[in-house]
Amino acid sequence: MQRRTLVALAALAATVSAPAFAQSGEIRIAHIYSKTGPLEAYGKQTQTGLMMGLQYATGGTMQVNGKKIVVIEKDDQGKPDLGKSLLATAYSDDKADLAVGPTSSGVALALLPVAEEYKKILLVEPAVADSITGDKWNKYIFRTGRNSSQDAISNAVALDKPGVHIATLGQDYAFGRDGVKAFKEAIKKAKIVHEEYLPTTTTDFTAGAQRLIDKLKDLPGRKVIWIVWAGAGNPFKIADLDLKRYGIEIATGGNILPAMASYKNFPGMEGATYYYFGIPKNPVNDALVAAHYQQFKTPPDFFTAGGFTSAMALVTALKKTGGDTKTNTLIKTMEGMSFDTPKGAMTFRREDHQAMQSMYHFKIKVDPAFSWGVPELVREIKPEEMNIPIRNAR
C-alpha cells in the first residue's frame, strides 16, 4: 500500500512539474498578426522578418542561454476582438512569456489592456497609431515599429515650406486619424486646408478626390494632397482625375514594394519612409538583404525589416537577462536599451518605450530595372532631429 502511494505521489509530482520544466527550457513568443485579412501582405512580411531576425540574432541556434525559442503564430485576421482573445489565450493556455504584434493599429489598441491584465510584455510591431504608446499605453508595451509622429514629422520635412497648401487623405480609423493629427502638429510653415477620411474598404476614390480638388484648385502657390493609407485600395487613382490641370501634386510616405509600383507615375515625388532595402548601409541590413535574396530571390520589404528589428530587440534583451523572461526583469532591461537593426541602432525611450529611430527623406526615381518607383535617399533624418512628443501620462 505504502509503495503504491509513493508511486502515485511521484507520478503526480511529475505531472505538476513537467509543464514548468518544459517552460523553463523554452522562451515562448506569441506572434499575433494578420496572417489573413486586409493587411495580410504586411503581416506575412513581419512573420518572415521575425523568423529571419531570430535566426540571425541567435547565430542560427534559435536559442538564448541554452533556452530554445518557440514562436507561436496566431492569426487575428485584422479583427480587434479576435486579436484580444488570441493574446489572452497565448498568455494563459500557451504559456507565452511575451508577445509580438499586431499588424493593425485597431487590433493593437484592443491588445494593450490584455498585456496589462496578464502583466506580460507586448512588443508592438508594426502597428503605427500614436495612441499605442500614447494615451492608451501601459508599462508592458514596447514598440519597435515607428509611430505616427515619426512618420508625420519626417514627411513634414519634405513639405513644410511657406506658401504650400496641403489637403490630407487618410483612412477613417486609428492609423489614418493619428497619422493626420501628428502630421498637422508637425507642419509649422505650410497650411493644412482640408482633411478627408474614407473607409478602409474604399475602392472608388472619386467623391473624396473631388472634395480635395475643390479645396485646393483655386489656391495660390504649391498645392499638395498628402496621402496616409495602408492595405487594400489604391488612393493614387485620384491622379486619373487630371490633378495636373489644377497644379495639384501628390505626396506620401514609403510603402511595400507592390504598392510603390504606382509611385512610378510620380517621378520626383518627395516623402519620407521607414525603410527601403537599398538605403541603410550597415552589417545587419546587409545580412537581411542577402538572406532574403537567397531564400526568396527578392529584396526584403518594408515590414520584413520591422519583423527582423523586433527579433533583434527581443534577443538583445534576453541575452542581457541571461534568458530570464520575468516581466519586471525584461522591463528594467529594455527601458533605455539600444539595439542594432537593419536601420542602424535604435533605443527604447524610457518614458513610453517607443523605439527612437532614423527615417529617410526620399525623392522618387523611375528606373526601368525595377517595377516600383525607387525612393532615392535625399537624407537620413536622425532620431535627435525629430522632436517626437511623449503622449502618455506616465
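We're numbering straight along the sequence, starting at 1.
Distance alone, capped at 3.5 Å, is enough to place a donor-acceptor pair between the N282 side chain and the P342 backbone.
Ring to ring, Y263 and W372 are not that close: their centroids are 6.0 angstrom or more apart. Taking the ring centroids of F362 and Y276, they lie at or beyond the 6.0 Å cut-off. Aromatic ring centroids of W229 and F205 lie under 6.0 Å apart. Residues F302 and Y275 keep their aromatic ring centres 6.0 Å or farther apart. Aromatic rings from F348 and F339 are positioned such that their centres are separated by under 6.0 Å.
The 12-atom threshold is exceeded at NZ of K161, counting heavy atoms of other residues, nucleotides or ligands nearer than 6.0 Å. A 6.0 Å sphere centred on CG of D81 holds no more than 12 heavy atoms belonging to other residues, nucleotides or ligands. Other residues, nucleotides and ligands place no more than 12 heavy atoms under 6.0 Å from the CD atom of Q294. Counted within 6.0 Å of NZ on K181, heavy atoms from surrounding residues, nucleotides or ligands total 12 or fewer; the atom is thus considered open. Other residues, nucleotides and ligands contribute at most 12 non-hydrogen atoms within 6.0 Å of the NZ atom of K320.
Residues K215 and E195 are not paired through a salt bridge, judged by the lack of any N-O separation under 4.0 Å between the basic side chain and the carboxylate. With salt bridges taken as basic N to acidic carboxylate O contacts below 4.0 Å, one links D172 and R177. In summary, R222 and E249 engage in a salt bridge, as defined by a charged side-chain N under 4.0 Å from a carboxylate O. The existence of a salt bridge linking E26 and R28 is confirmed by a sub-4.0 Å separation between a basic side-chain nitrogen and an acidic carboxylate oxygen. Between R146 and D151, at least one side-chain N (NZ, or NE/NH1/NH2) sits under 4.0 Å from a carboxylate O, which counts as a salt bridge. Comment: D94 engages K74 in a salt bridge, judged by a side-chain N to carboxylate O separation of less than 4.0 angstrom. Salt-bridge formation is detected for the pair K35/E73: a Lys NZ or Arg NE/NH1/NH2 atom is positioned less than 4.0 Å from an Asp or Glu carboxylate oxygen. Between D214 and K217 there is a salt bridge, with a side-chain nitrogen of the basic residue lying less than 4.0 Å from a carboxylate oxygen of the acidic one. Ion pair R211/E196 flagged as a salt bridge, since at least one NZ, NE, NH1 or NH2 atom sits closer than 4.0 Å to an Asp/Glu carboxylate oxygen. Taking 4.0 Å as the cut-off between side-chain N and carboxylate O, E380 and K281 do not count as a salt-bridged pair.
Distance CG/N138 to CD/E117: 11.5 Å, rounded to 0.5 Å. With rounding to the nearest 0.5 angstrom, the OH atom of Y173 is 5.5 Å from the OG atom of S105.
One hydrophobic cluster, built from ILVMFWY side chains closer than 4.5 Å, cannot hold both M359 and V378; they sit in different ones. Under the 4.5 Å side-chain heavy-atom criterion for ILVMFWY residues, a single connected hydrophobic cluster contains both M260 and L169.
Looking at S34 and D75, their side chains never bring a donor and an acceptor atom within 3.5 Å of each other.
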